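What follows is a short report on a single structure.
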Amino acid sequence: MKAGERPNSKLLRGGGRQESRRFRMLAIVVGFFIVSLTFVLVSKPDAILFGLNGKLPADQAPASILIQQKVNTPAQKTSTDAIIGGDPKVVDDETYVKPKEIRGGEEEDHRVLSEPDPASGMAEPAANKDGDARKSSDETLGGERKDEAEEERDEEKHAKVTLPTVSNYTIHDAEDAENAKQEGLSLSNVQQEQQQQQGSKPLCDFSNFRANVCEMRGDVRVHPKATSVLFMEPEGSQRDEVWKIKPYPRKGDEFCLSHITELTVKSSKVAAECTRYHDVPVVIFSLTGYTGNLFHDFTDVIVPLFTTASQFDGEVQFLITDMALWWTIKYHTLLQKLSKYPLIDFSKDDQVHCFKHAIVGTHAYMEFTIDATKSPNGVTMVDFNRFMRSAYSLPKAAAAALGESPRVKPRLLIIKRHRTRMFLNLEEIIGMAEELGFEVVIDEANVSSDINGFAKLVNSVDVMMGVHGAGLTNCVFLPQNATLIQIVPFGGLDWISRTDFGNPSEMMGLRYKQYAITVDESSLTDHYPRDHKIFKDPISFHKRGFEFIRRTFMDKQNVRLDCKRFRPVLLEALDNLNQ
């Protein structure tokens, strides 16, 4: 356009019409969106609750969208099948074990040599801040502050329902109803009966000095993803309980329990729907703790598990928190003897399991023992010894009776150690024992060896002897009336030696002899002058704590038995076989 010329009127009019058409199109789009949104709000108000990711906090979910997660997991395998071809984690019998790690060094029980204090699980519960030795506020019913209790309820609400996503959820109420019918469960019947079954009894018992246990009968929902166990209350119930429990029997040992998954056990009227029904009870327990040390394998897991589960004659489901697959392989014979069902790994399970009877934690008493006055069905350590011999098909039920078979040579097993607390004059000891008429067998109680084979060896002997240590735990395989001889290292360790092996062996129906070595039989004389306080007053050194006791009296000490002094002990063992 040249300067001074007027704009073409036709072009102006054409541009105005184009802008008008754009405005009308935008108005139509906005109007359609408003109409659509209005329709959704009126017809499906629940839709506004969903975020862009298709998920919703459980406490905001309307009742119309409560659904259940579809289970697409493959058929469950046993723990042995799970890692066939792989080497299980193995711990040498002389390895000092701490939770979730295996460290080199001498095999000694983390607690076996400690003084009886709250950390050891050997003492009564410590007083709380108010000077009251009863349960602390976080353990007792209703002990939480109001704001903490509200937070706890809010957290639990988030575990009550599972909401849909495009990829992995579906609604299948009909399938669940059929499952319940097939399993012979009727939730309505359970709700009618559960108040009578549970009564007014609290869901949990925290009175035991060593182990907390929760037991529920009725409609019990186990939700691993939410680390919760819910006891469903009927309408009108006033029960309102919330408990926190770590299912490993080392109550008071904060270091150990810091590695154990904490579960919430509570009464509730609302929970996630069941995805798997069981018509057998469940026992929930942990495998982390101090497992890997032979003594703790038994005192912390196997004996308590037998005490708790043997009443069910194999008709019980095990659900394991803090799974240790190597451990389940090592002891698969015992686990299969106690339960006919595949193990469930709590941490890898995404179902909601429903039971009519649930036990969280295991019953445990003093070290490596069963209190028959408190145990379910009154089971005893004699029953446990019988169970061990049965599980490994051990043929010898009783020690040799020399009076009835004078030509039979009694067998003596000497547990040989190869790093600390070794017998420095082993050949001399063997010669003396053979002179007395024993057939002597020497072996190392190495937990990496085949348990079945070692169990058969122990079961074949009439007398077993060794220096204090986890290897003496193998006395569980001895036949009735056999004799266990424990050699106690120098250092004031007599009481703990009797507690750990003397009392348990006698309760199993074995005979027990304890031989405490003198200063002259200890290799500590190679490290300290004879007038050192460690020889004059060894008990005073216990005040320095467990680590000092372990380093000084265990890791640095070997034994040179005075055969002349020890001879009467073997003669007494022979006399026992003649009775």
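Quantities reported herein were computed from a predicted structural model and do not represent experimental measurements.
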Under 3.5 Å donor-acceptor, [X] side chain and [Y] backbone:
X      : Y      : value
Thr328 : His332 : no
Gln514 : Asp494 : yes
Asn459 : Phe477 : yes
Asn293 : His296 : yes
Asp205 : Ser207 : yes
Asn385 : Leu478 : yes
Ser505 : Gly502 : yes
Asn425 : Arg560 : no

(Q) According to side chain to side chain contact (heavy atoms under 4.5 Å, CB included), who are the partners of Thr380, at least two apart in sequence or on a separate chain? (A) Ala372, Val382, Asp383
Between the side chains of [X] and [Y], does any donor sit under 3.5 Å from an acceptor?
X      : Y      : result
Lys251 : Asn212 : yes
Ser390 : Lys337 : yes
Ser522 : Gln557 : yes
Arg411 : Ser460 : yes
Lys244 : Thr264 : yes

[X] and [Y]: aromatic ring centres closer than 6.0 Å?
X      : Y      : value
Phe546 : His542 : no
His357 : Phe312 : yes
Phe295 : Phe501 : yes

Q.
Any heavy-atom pair between the side chains of Val283 and Leu305 that's under 4.5 Å?
A.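 SC-SC contact between Leu305 and Val283 confirmed.
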**Q.** Heavy-atom side-chain contact between Val360 and Met216 under 4.5 Å
**A.** yes
(Q) Between Thr307 and Thr362, does the side-chain contact (heavy atoms from CB on, under 4.5 Å) criterion hold? Intermediate values first, please. (A) CA-CA 8 Å; Thr307 305; Thr362 51; over 6 Å; no
Q | Intermediate values then yes/no, side chain to side chain donor-acceptor pair (under 3.5 Å), Tyr515 and Gln486 | A | CA-CA 6 Å; Tyr515 179 87; Gln486 179 174 200; over 6 Å; no
Q: Go through the steps for Asp300 and Arg250 under the test salt bridge (charged side-chain N to carboxylate O under 4.0 Å, His left out), then give the verdict.
A: CA-CA 8 Å; Asp300 291 354; Arg250 280 285 156 194; 2.9 Å; yes
Q: Output, in order, the C-alpha distance, side-chain angles, deciding distance and verdict of salt bridge (charged side-chain N to carboxylate O under 4.0 Å, His left out) for Lys416 and Asp443.
A: CA-CA 6 Å; Lys416 178 183 178 181; Asp443 210 320; over 6 Å; no
Q.
Holding to side-chain hydrogen bond (donor to acceptor under 3.5 Å, both in side chains), I want the full list of residues that pass it with Lys340, two or more places apart in sequence or in another chain.
A. Glu315
Q: Going by the side-chain contact (heavy atoms from CB on, under 4.5 Å) test, name the single residue among Val461, Val463, Leu426, Val441 that passes it with Ile414.
A: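 The single option meeting the side-chain contact (heavy atoms from CB on, under 4.5 Å) with Ile414 is Leu426.
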**Q.** Heavy-atom pair with the smallest gap, counting every atom of Arg421 and Gly469
**A.**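 Smallest interatomic distance, heavy atoms only, reads NH1-CA, 3.9 Å.
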(Q) Quick one, Thr299 with Thr369, criterion side-chain contact (heavy atoms from CB on, under 4.5 Å). Give me CA distance, side-chain angles, the key distance, then yes/no. (A) CA-CA 7 Å; Thr299 190; Thr369 61; over 6 Å; no
Q. Checking side chain to side chain donor-acceptor pair (under 3.5 Å) for the pair Thr291/Asp297: CA distance, chi angles, key distance, verdict?
A. CA-CA 5 Å; Thr291 53; Asp297 285 348; 4.9 Å; no
Q.
Show me the pairs that pass salt bridge (charged side-chain N to carboxylate O under 4.0 Å, His left out) and involve residues 568-579, at least two apart or across chains.
A. Lys513-Glu572
Q: Taking atom CZ of Arg498 as the centre, report whether more than 12 heavy atoms of other residues, nucleotides or ligands fall under 6.0 Å from it.
A: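 Counting neighbours around CZ of Arg498, more than 12 heavy atoms of other residues, nucleotides or ligands fall under 6.0 Å, so yes.
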Q: Start with the C-alpha gap between Ile359 and Thr308, add the side-chain angles, then the distance that decides, and say whether side-chain contact (heavy atoms from CB on, under 4.5 Å) holds.
A: CA-CA 8 Å; Ile359 301 175; Thr308 306; 3.9 Å; yes
Q. side-chain contact (heavy atoms from CB on, under 4.5 Å) between Arg530 and Asp520: does it pass, once the steps are laid out?
A. CA-CA 10 Å; Arg530 294 298 294 265; Asp520 293 329; 2.8 Å; yes
Q: Please determine which of Trp327, Tyr248, Phe318 meets the ring-ring contact (aromatic ring centres under 6.0 Å, His included) test together with Phe285.
A: Phe318
